[in-house]
Amino acid sequence: MVTLGVLVLLPAIGWAALWGASAWAGRTPEELLAHAELQMQGSPLAALATPPLAALRQAITGSTGGGLALPFEVPRLAANPALLMAAPAGPAASGATRSAGQPLPAAGGRLLQVGPTRSIRTVSRAAALAQNGDTIEIDPGDYLADVAVWRQSDITIRGTGPRVRLIASGAHAEGKAIWVIHSSAHGRVTVEGIDFIGARVPDNNGAGIRFEQGHLVVRRCVFHDNQAGIIASPNATSVLEITQSEFGWNGVGDGLTHHVYANQIKSFKLTGSWLHHANVGHLVKSRAATNEVSYNRLADDIGGRASYELEFPNGGVAVVVGNVIQQGSQTSNSVMVSYGAEGYSWKLNQLQLAYNTLVNDHPRGGTFVRAAPGAELVLMLDNLLVGRGRNDLPTDAVRQRNASLDWSAFAQAARADYRLRHAARADLVALPVAEIDAALLPRFEYAHPAKLLPLDGPSRYPGALQSAVR
């Protein structure tokens, strides 16, 4: 029975008790406090317990679960390098040249060029003029409050040269985002080489891109300082692909705004990308039916406050291969990868994690991977687990050749270089390529920042980064 004296002293002793209990349980103080508040609901002592619990919550809110509170600071937007370069007057001043290897517009499509010296000066005007099959090229520079809605299919929108920056400056399209994509059900939209910065809307859910329908491919783009990075609205036919892109400093701190949120779509794919410094929300949250997350750096880094690094709340098919996944010390959620926490809603539910390096920098440990019972398959194969923590998996989960290592096994873990030292790799068993399930064979590795490095060799070692350091 909880006594009145204990309730009165709770604010004074609660901090130390929560920290001690969190170390023992592998949970953050906020998680334990939330559990205590839940247990008190409906209790005769709830009225007495509410004020001290509220005081305790106020004390720990913002102080982080890891002990050292660091402010969540969004870096100041630097000058655009493209604007610092001296250029002659006239159309050539934009520097809009097609890089080697860039495709020409599709047959039958037109080329629309956008820039301060072009006949089309704004992105919003280009969005109004574009037709199905067109290619839109945007000259380097800063485009302030130049938001747009795209309704075309089979179009490519790309920045030419460094850097094309869309800075919201208080503007938004449809109250949703800097760009809103309304393609046809099976129409393809490709976005390349563009920065989306500073999206704000009244409901605190302003995204760099709001993807409503179609097939969206995002390549070499940057999403910084938005309320959310990319949001894919629920749609049974939509496909979202993101490659070699960067997401940082997005979120409003409410736990509901994320770097990437794919909400009940057909398919989601993320490759070769760098996601870091989330403000309480997740780095990646997907409710898609099928998911492929491969060769990324999902690392919240110093000063980040991400909740989950990777979450599939409704299951589905999720193949997670070759990622560096790191949880920082300031998280309020000790779980790194979560699967099926809100119940399985798809016909097929399979989670396969292979050749990942999962790093928990939270001093009280936590959970590397948590999967709810009921999935057809939960597989962990050849992963490296670093730091304090455990897995919370169903009893029928398949675990093969996973290894737990100390930070000293890596080149420079303090600087997020998780290539294995030669001596550490010598202690691991290499598996010949011929013996690996072809679907889980890592064929690339992440190269910082936001690049892919092809792999070539007779064998694969556990972990995301196959290149060793002597």
Side-chain angles (χ1 to χ4, degrees), residues 150 176-183 185-191 196 199 205-219 221-223 226-248 250-251 255-276 278 281-298 306-321 323 325 336-353 371 375:
W150 299 91
K176 297 177 180 179
I178 295 175
W179 280 6
V180 179
I181 308 293
H182 288 284
S183 186
H186 301 286
R188 184 183 179 99
V189 176
T190 300
V191 179
F196 297 83
N205 205 29
I209 294 179
R210 176 71 72 92
F211 171 42
E212 302 287 12
Q213 180 176 257
H215 185 160
L216 174 63
V217 179
V218 176
R219 297 193 187 111
C221 291
V222 173
F223 297 80
N226 304 289
Q227 292 173 327
I230 294 179
I231 299 176
S233 299
N235 191 296
T237 63
S238 289
V239 175
L240 172 61
E241 298 183 40
I242 303 170
T243 184
Q244 293 183 262
S245 295
E246 180 187 348
F247 296 76
N250 301 300
L256 303 175
T257 46
H258 316 292
H259 280 348
V260 177
Y261 181 30
N263 188 1
Q264 294 180 323
I265 62 176
K266 178 181 178 180
S267 177
F268 168 63
K269 183 177 182 180
L270 176 71
T271 57
S273 295
W274 178 28
L275 289 80
H276 60 96
H282 305 344
L283 297 182
V284 179
K285 181 172 185 174
S286 176
R287 302 181 188 271
T290 63
N291 304 269
E292 180 182 335
V293 179
S294 51
Y295 320 121
N296 303 286
R297 175 170 160 174
L298 309 177
S307 181
Y308 296 126
E309 275 60 54
L310 182 58
E311 187 192 21
F312 308 99
N314 299 125
V317 175
V319 178
V320 182
V321 175
N323 303 279
I325 305 175
M336 296 175 61
V337 179
S338 177
Y339 182 78
E342 297 179 18
Y344 296 117
S345 61
W346 297 105
K347 292 181 179 179
L348 184 61
N349 300 286
Q350 296 182 348
L351 173 65
Q352 300 178 71
L353 292 102

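The figures that follow rest on heavy atoms only: side chains count, while hydrogens, waters and symmetry mates do not.
- One N or O on the side chain of Gln213 and one on the backbone of Ser183 form a donor-acceptor pair closer than 3.5 Å.
- Every ring-ring contact (aromatic ring centres under 6.0 Å, His included) that Trp179 has, sequence neighbours left out, goes to Trp150, Phe196.
- The ring-ring contact (aromatic ring centres under 6.0 Å, His included) test applied to Phe312 returns no partner, not counting sequence neighbours.
- Nearest heavy atoms, Ala232 versus Ala262: CB-CA, 3.9 Å.
- Residues passing the side chain to side chain donor-acceptor pair (under 3.5 Å) test with Ser286, sequence neighbours excluded: Asn291.
- Considering all non-hydrogen atoms of both residues, Ile325 and Met336 come closest at O-CE, 3.3 Å.
- Interatomic distance, NE2 of His182 versus CZ of Arg210, reported as 9.0 Å (0.5 Å rounding).
- With sequence neighbours excluded, the residues forming a side chain to side chain contact (heavy atoms under 4.5 Å, CB included) with Ser267 are Val239, Thr290, listed by chain and number.
- Contact record, Ala199 with Gly208: CB-N, 4.2 Å, taken as the closest heavy-atom pair.
- For Asn296 (side chain) and Asn323 (main-chain N/O), no donor-acceptor pair under 3.5 Å exists by modelled atom type.
- Partners of Lys176 by side chain to side chain donor-acceptor pair (under 3.5 Å), not counting sequence neighbours, listed by chain and number: Glu212.
- Applying the side-chain hydrogen bond (donor to acceptor under 3.5 Å, both in side chains) definition to pairs two or more places apart or across chains, those involving residues 337-349 are Arg287-Glu342.
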side-chain contact (heavy atoms from CB on, under 4.5 Å) between Asn263 and Ile231, worked out: CA-CA 7 Å; Asn263 188 1; Ile231 299 176; 5.8 Å; no
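- Under the side chain to side chain donor-acceptor pair (under 3.5 Å) criterion, Glu246 pairs with His224, His276, sequence neighbours left out.
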Derivation of the side-chain contact (heavy atoms from CB on, under 4.5 Å) call for Val260 and Phe223: CA-CA 10 Å; Val260 177; Phe223 297 80; over 6 Å; no
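- You'll find the side chain of Val337 stays beyond 4.5 Å of the side chain of Val320, heavy atoms only.
- Going from atom OG of Ser233 over to atom CD1 of Ile181 covers 11.5 Å, rounded to the nearest 0.5 Å.
- The structure places CZ of Phe211 at 9.5 Å from CD1 of Ile230, a figure rounded to the nearest 0.5 Å.
- Of the listed residues (Lys269, Arg219, His215, Arg188), just one forms a side chain to side chain donor-acceptor pair (under 3.5 Å) with Glu241, and that residue is His215.
- The ring-ring contact (aromatic ring centres under 6.0 Å, His included) test applied to His258 returns Tyr261, His282, not counting sequence neighbours.
- Residues that satisfy the ring-ring contact (aromatic ring centres under 6.0 Å, His included) test with Tyr295, not counting sequence neighbours, are Phe444.
- When the side chain to side chain donor-acceptor pair (under 3.5 Å) test is applied to Ser245, no partner is found at least two apart in sequence or on another chain.
- Annotation: side chain to side chain contact (heavy atoms under 4.5 Å, CB included) contacts of Ala278 (sequence neighbours excluded): His259, Leu283, Asp300, Ala306.
- Thr257 meets the side chain to side chain contact (heavy atoms under 4.5 Å, CB included) test with Asn205, Val252, Asp254; sequence neighbours excluded.
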side-chain contact (heavy atoms from CB on, under 4.5 Å) between Asn226 and Phe247, intermediate numbers included: CA-CA 10 Å; Asn226 304 289; Phe247 296 76; over 6 Å; no
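- When each of Val191, Ile242, Ile265 is tested with Leu216 by the rule side chain to side chain contact (heavy atoms under 4.5 Å, CB included), just one qualifies, namely Val191.
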